[in-house]
There are 2 protein chains.
Amino acid sequence: MTADPQPAALEVPRIDDLLCFSIYSAGLAFNQLYRPLLEEIGLTYPQFLVMVALWDRDGRTVKELGEALYLDSSTLTPLLKRLEAVGLLSRSRNPKDERQVLLRVTDKGNALRPKAAAVACAIVDTVGISAEAAKTLRSGLDGIRNKIHRQD
Amino acid sequence: MTADPQPAALEVPRIDDLLCFSIYSAGLAFNQLYRPLLEEIGLTYPQFLVMVALWDRDGRTVKELGEALYLDSSTLTPLLKRLEAVGLLSRSRNPKDERQVLLRVTDKGNALRPKAAAVACAIVDTVGISAEAAKTLRSGLDGIRNKIHRQD
DNA sequence: TGCAAACAAATTGCACACAATTAATTAAGT
DNA sequence: ACTTAATTAATTGTGTGCAATTTGTTTGCA
């Protein structure tokens, strides 16, 4: 119960003991799992996340979308231009405030929605985790993410 | 207790209900948290992970490193060349099997180790999660990652 | 009103990730 | 031995992420 007279030299943990690596490699794995399924409906994984966010709430600005996804315009602008180029959404300046760009899902974009739902469903099946376990994981991860972001 | 006569139309979940998004955004957050700290010792976040893996076991091949990090040579080769260019590691063909490239941490690379340990320590402090909670999260995430990879 | 500060997107430059392919080496089968 | 298959890195091309900067618009305040 006494303090170390000679504190152990500061050591780097092993890679498998780093929580950040578990998150990093699980993220890569999800990307790899989604990729072939999303390819069939013409989306990348980040594009899928953008569409999911817009299906939930249409007509957002780039800034609002970025706040939902934790991405900024330098990432979103080119991605959104690609989605516009394939006709899944429209980008137009807000007449009320020309600084903003409003994002609207097109009919073609909405037509993709059930197919995206099927992909999400297939992912859940493959990962094979219970709803409770997923919720527990999510709340732990969201807590970490929020703590990091609150500290700038 | 009867099956839905008209099953609900397949719907896309909200973005915040997707486990994959919690993992995705937590991964981005860690990257953003590490970036300024690692910048001071001249590393990116993936480069840090590579060095951590090599500090644990030196003299690995590119393939072995890739198996540890779940990355392939098309990602690792340019990254390793950058680390070699700044003198943190050496890349040399294995004389016993010229197909392989052996990775060895240089003295300069080993000199970085305590500084990297300090960064890892600072991250743990900022995230402020207990060792138990971190272990629980890790095992859940590693389980998902391993399940995905076992299914190709 | 006029003008600096604030704000929203877009642009630029760099570093991952990854599929697909290529190049070089080794292993294996006849 | 010789040819083919398998293995390991490297290369190519596309799409993110992000810091730093730029462009265009709006707000605030003297």
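Throughout, a chain's letter reflects where its sequence line sits, starting with A, and its residues are numbered from 1.
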* **C/dC16 OP1/OP2 closer than 4.0 Å to side-chain N/O of B/K81** => no

* Structure fact -> Here the distance between atom C1' of C/dC16 and atom CG of B/L28, to the nearest Å, is 13 Å

* Are more than 12 heavy atoms from other residues, nucleotides or ligands located less than 6.0 Å from atom CZ of A/R14? -> no

* To do: Looking only at side-chain atoms of A/S74, point me to the closest of C/dC18, D/dG17, D/dA20.
  => D/dA20

* Asked: Of the residues in residues 38-65 of chain A, which ones touch DNA chain D at a heavy-atom distance under 4.0 Å?
  -> A/T44, A/P46, A/Q47

* **Cluster link B/L54 to B/Y70, ILVMFWY, side chain under 4.5 Å** => yes

* What's the CD1-P distance between A/I148 and D/dC18, to the nearest Å? -> 12 Å

* Asked: How about B/R57: does its CZ atom have over 12 heavy atoms from other parts shown lying under 6.0 Å from it?
  -> no

* Do the side chain of B/T106 and the main chain of B/G109 share a donor and acceptor less than 3.5 angstrom apart? -> yes

* To do: Give a yes or no on whether a donor-acceptor pair under 3.5 Å exists between the nucleobase atoms of C/dA9, that is its base, and the side chain of A/T77.
  => no

* Taking for each residue the nucleotide of DNA chain C bearing the nearest heavy atom, is the 5' side occupied by B/L71 or by A/L80? -> A/L80

* To do: Would you mind reading off the distance between B/L37 atom CG and D/dC18 atom C1', rounded to a whole angstrom?
  => 16 Å

* **Between C1' of C/dA17 and CD of A/Q32, the distance in whole Å** => 9 Å

* Asked: Taking atom CG of A/D107 as the centre, does the number of heavy atoms from other residues, nucleotides or ligands within less than 6.0 Å exceed 12?
  -> no

* Structure fact -> Whole-Å distance, B/D72 CG to D/dA10 C1', equals 11 Å

* For B/T77 and B/S74, indicate whether the former's side chain and the latter's backbone hold a donor-acceptor pair under 3.5 Å. => no

* Does B/R35 put a side-chain nitrogen or oxygen below 4.0 Å from OP1 or OP2 of C/dA15? -> no

* Asked: Rounded to the nearest Å, what distance is computed from the OH atom of residue B/Y34 to the P atom of nucleotide D/dA19?
  -> 17 Å

* Asked: So which of residues 88-106 of chain A are in contact with DNA chain D, with a heavy-atom cut-off of under 4.0 Å?
  -> A/D97, A/E98, A/R99

* Asked: Taking the side chain as C-beta and beyond, is there a heavy-atom pair between A/V12 and B/D56 under 4.5 Å?
  -> no

* Walk me through it: do B/L141 and A/L19 pass the test side chain to side chain contact (heavy atoms under 4.5 Å, CB included)? => CA-CA 9 Å; B/L141 292 166; A/L19 173 59; 4.2 Å; yes

* Length of the CG-C1' vector between A/L79 and D/dC18, whole Å -> 14 Å

* Please confirm whether the backbone N or O of A/Q47 pairs with a side-chain atom of A/R82, one donor and one acceptor, at under 3.5 Å? => no

* To do: Considering just the side-chain nitrogens and oxygens of A/Y24, establish if one lies under 4.0 Å of OP1 or OP2 belonging to C/dA17.
  => yes

* Asked: Which sits closer to the 5' end of DNA chain D, B/P78 or A/R82, going by the nucleotide each is nearest to?
  -> B/P78

* Asked: Given side chains that start at C-beta, do those of A/V127 and A/F30 come closer than 4.5 Å, heavy atoms only?
  -> yes

* To do: Check the distance between D/dA9's C1' and B/E84's CD and give it to me in whole angstrom.
  => 14 Å

